[in-house]
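The chain is numbered in sequence order, starting from 1.
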Amino acid sequence: MDHPLGDDHEQLRRTVRRFLAEKSPESEVRRLMDGAEGFDPGVWKQMADQLELMAIPIPEEYGGAGHTWAELGVVLEEMGRALLCAPYFATVAMAAGLLLSCGDEEAKRAHLPGIASGRTIATVALAERPGLWTESGITLEAVRGADGTWRLTGEKHYVLDGHVADLVLVAARTGAGVSLFAVRGGASGLTAVPVPTLDQTRKLAVLSFDRVPARPVGPEGRGWPAVAGMLDLAAVALAAEQVGGAQRVLEMAVEYAKIRVQFGRPIGSFQAIKHKCADMLLEVESARSAAWHAARAVALGDDEAPVLASLAKSYCSEAFFHAAAENIQIHGGIGFTWEHPAHLYFKRAKSSELLFGDAAHHRELLAQRIGV
């Protein structure tokens with residue numbers, strides 16, 4: 001399938017792919033996923049200074065490059081293909097996306113320039129122990145003291161790169177409803193504990209808040225519309241990343257089917273393997289169409305973007321997981337070993353499937369949004 005977004009996007013894709021081929025080979029992915037931080041600060045700086053990747057979807061007035069979610073989708077597809085270990089998704093797709101959705105000019109001017117330059121690693125603390133990505137799942141409490149200072153108390157779970165974040169945007173509950181707050185990483189009373197995960201290439205943390213001082217972002221009680229907007233942006237971004245991973249496991253499966261010989265023939269000549277590869281190809285191309293249609297809708301400000309976000313997330317989640325599982329089956333015994341990269345993509349596929357809600361959750365959202 002030709003890239004649907006034009007020559008400029010294809011050039012961006014080639015540039016990012018060359019960079020990641022050098023900076024994120026399998027050996028580096030394995031090294032970083034075993035480390036405490038989970039990323040290479042030197043590569044992070046190069047991503048910001050040389051490629052300006054953090055600045056892509058941020059408007060120029062806030063120090064960004066002034067591009068759109070379509071260009072971000074190109075970048076994330078390549079990052080998903082390379083399993084890049086870095087806090088890019090949390091910082092750009094989530095935190096920057098939430099700031100862009102919040103309508104708070106002061107907060108945008110305070111935080112977006114740092115994100116765009118790569119100086120600020122940011123994340124969003126939303127889900128709690130039940131793992132709900134819904135308004136009802138937010139119970140962390142925000143209380144304003146006599147001096148006017150807001151303080152947060154409670155826990156947030158499944159926080160992407162929360163252990164290395166310089167800025168945490170927190171959804172908390174006040175008397176007026178769900179509100180947003182900005183918390184400095186390492187603030188007094190804030191504890192970040194990395195947690196073991198199935199997908200070691202994407203770090204998660206539990207954040208504990210013990211009367212942590214926080215600055216409000218946006219009007220009190222009006223936080224959920226901004227969070228909902230961010231979740232749609234993040235779903236579209238994640239769909240693009242899933243497409244990149246699905247494309248890579250398809251390539252791995254086809255490459256192996258050409259060289260693995262059984263009964264004197266390459267296994268790719270057997271009808272069963274041909275059918276598996278053909279089905280994978282169909283799913284990957286369909287997922288790419290869904291992801292890019294959603295990204296373009298976001299870029300154009302289309303009213304259907306929320307509908308397409310749920311459609312893309314549900315389809316791409318299942319397509320990536322199925323492709324990753326079939327890749328292991330085609331590889332046979334070696335596909336189950338720690339030494340082979342197939343399991344890294346399988347684990348990323350499973351973790352991405354659950355992030356922001358699984359396919360069933362997004363199909364329910366889709367049905368609600370189209371009035372079914």
Thr197 and Lys203: side chain to side chain contact (heavy atoms under 4.5 Å, CB included), yes or no, with the steps? CA-CA 7 Å; Thr197 59; Lys203 301 294 186 180; 5.8 Å; no
I'd like to know whether Thr91 forms a side chain to side chain contact (heavy atoms under 4.5 Å, CB included) with Thr120, so could you lay out the CA-CA distance, the side-chain angles of the two residues, the decisive distance to 0.1 Å, and finally the verdict. CA-CA 8 Å; Thr91 299; Thr120 300; over 6 Å; no
Going through the checks in order, is the side chain to side chain contact (heavy atoms under 4.5 Å, CB included) test met by Trp292 and His9? CA-CA 12 Å; Trp292 287 118; His9 298 90; over 6 Å; no
side-chain hydrogen bond (donor to acceptor under 3.5 Å, both in side chains) between Glu71 and Thr68: does it pass, once the steps are laid out? CA-CA 6 Å; Glu71 288 79 16; Thr68 72; 2.4 Å; yes
For side chain to side chain contact (heavy atoms under 4.5 Å, CB included), just list the numbers for Arg151 and Phe209, CA-CA rounded to whole Å, side-chain angles, deciding distance to a tenth of an Å, and then say yes or no. CA-CA 9 Å; Arg151 294 187 178 273; Phe209 298 80; over 6 Å; no
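Inter-residue side-chain proximity for Tyr256 and Asn327 is flagged as unmet; no heavy-atom pair is nearer than 4.5 Å. Counting heavy atoms from C-beta on, the side chains of Glu155 and Leu140 never come closer than 4.5 Å. By the 4.5 Å heavy-atom criterion applied to side chains, Val74 and Val16 are not counted as neighbours.
In this structure, His293 places its NE2 atom where only 12 or fewer heavy-atom neighbours from other residues, nucleotides or ligands lie under 6.0 Å away. Heavy atoms from other residues, nucleotides or ligands lying under 6.0 Å from CZ of Arg222 number 12 at most. For Glu255, the CD atom sits in a packed shell: over 12 heavy atoms of surrounding residues, nucleotides or ligands are nearer than 6.0 Å.
In this structure, the side chain of Trp44 does not engage the main chain of Phe39 through any donor-acceptor pair within 3.5 Å. Asp166 places a side-chain N or O within 3.5 Å of a backbone atom of Ile121 that can act as its donor or acceptor partner. No donor-acceptor distance shorter than 3.5 angstrom exists from the side chain of Lys313 to the backbone of Ala234, with no hydrogens or angles considered. One N or O on the side chain of Thr337 and one on the backbone of Ile334 form a donor-acceptor pair closer than 3.5 Å.
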Identify each donor-acceptor pair in which a side-chain atom of residues 235-246 lies under 3.5 Å from a protein atom, sequence neighbours left out, and give them as a table.
| residue | atom | partner | partner atom | Å |
| --- | --- | --- | --- | --- |
| Glu241 | OE1 | Arg202 | NH2 | 2.8 |
| Glu241 | OE2 | Arg202 | NH1 | 3.2 |
| Glu241 | OE2 | Arg202 | NH2 | 2.7 |
| Glu241 | OE2 | Arg348 | NH1 | 3.3 |
| Gln242 | NE2 | Ser317 | OG | 3.1 |

Name each donor-acceptor pair under 3.5 Å that joins a side chain in residues 93-114 to protein atoms two or more places apart or in another chain, with its distance.
| residue | atom | partner | partner atom | Å |
| --- | --- | --- | --- | --- |
| Ser101 | OG | Gly97 | O | 2.9 |
| Asp104 | OD1 | Glu106 | N | 3.1 |
| Asp104 | OD1 | Ala107 | N | 3.0 |
| Asp104 | OD2 | Gly218 | N | 2.7 |
| Glu105 | OE1 | Tyr62 | OH | 2.6 |
| Glu105 | OE2 | Tyr62 | OH | 2.9 |

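Sorted by first then second residue, the side chain to side chain donor-acceptor pair (under 3.5 Å) pairs that include residues 167-185, not counting sequence neighbours, are Thr174-Ser179, Thr174-Glu220. Sorted by first and then second residue, the ring pair (Phe, Tyr, Trp, His ring centres under 6.0 Å) pairs with a member in residues 262-283 form an empty list; sequence neighbours excluded. Residue pairs satisfying the ring pair (Phe, Tyr, Trp, His ring centres under 6.0 Å) criterion with at least one member in residues 154-200, sequence neighbours excluded, are listed as follows: Trp150-Phe181.
The salt bridge (charged side-chain N to carboxylate O under 4.0 Å, His left out) with Glu78 is formed by just one residue from the set Arg14, Arg17, Arg248; it is Arg17. Checking each of Val217, Val124, Leu169, Val170 against Leu180 for a side-chain contact (heavy atoms from CB on, under 4.5 Å) leaves exactly one that passes, namely Val217.
Residue Leu282 holds its CG atom at 8.5 Å from CD of Glu285, rounded to the nearest 0.5 Å.
Ring pair Trp338/His343: centre-to-centre distance below 6.0 Å.
Heavy-atom minimum distance, Tyr88 versus Leu72: OH-CD1, 3.4 Å. Of all heavy-atom pairs spanning Leu311 and Ser314, the tightest one is O-OG, 2.9 Å.
With Phe321 as the aromatic partner, Lys350 meets the cation-pi criteria of under 6.0 angstrom to the ring centre and within 45 degrees of the ring axis.
Looking only at atom types and distance, the side chain of His362 has no donor-acceptor partner in the side chain of Asp358 under 3.5 Å away.
The existence of a salt bridge linking Lys23 and Glu28 is excluded, since no basic side-chain nitrogen approaches an acidic carboxylate oxygen closer than 4.0 Å.
Following chains of ILVMFWY side-chain contacts shorter than 4.5 Å, one cannot reach Leu308 starting from Met230, and the two form parts of different hydrophobic clusters.
Looking at residues two or more places apart in sequence or on another chain, you find a salt bridge (Lys or Arg N to Asp or Glu O under 4.0 Å) between Glu26 and Arg30.
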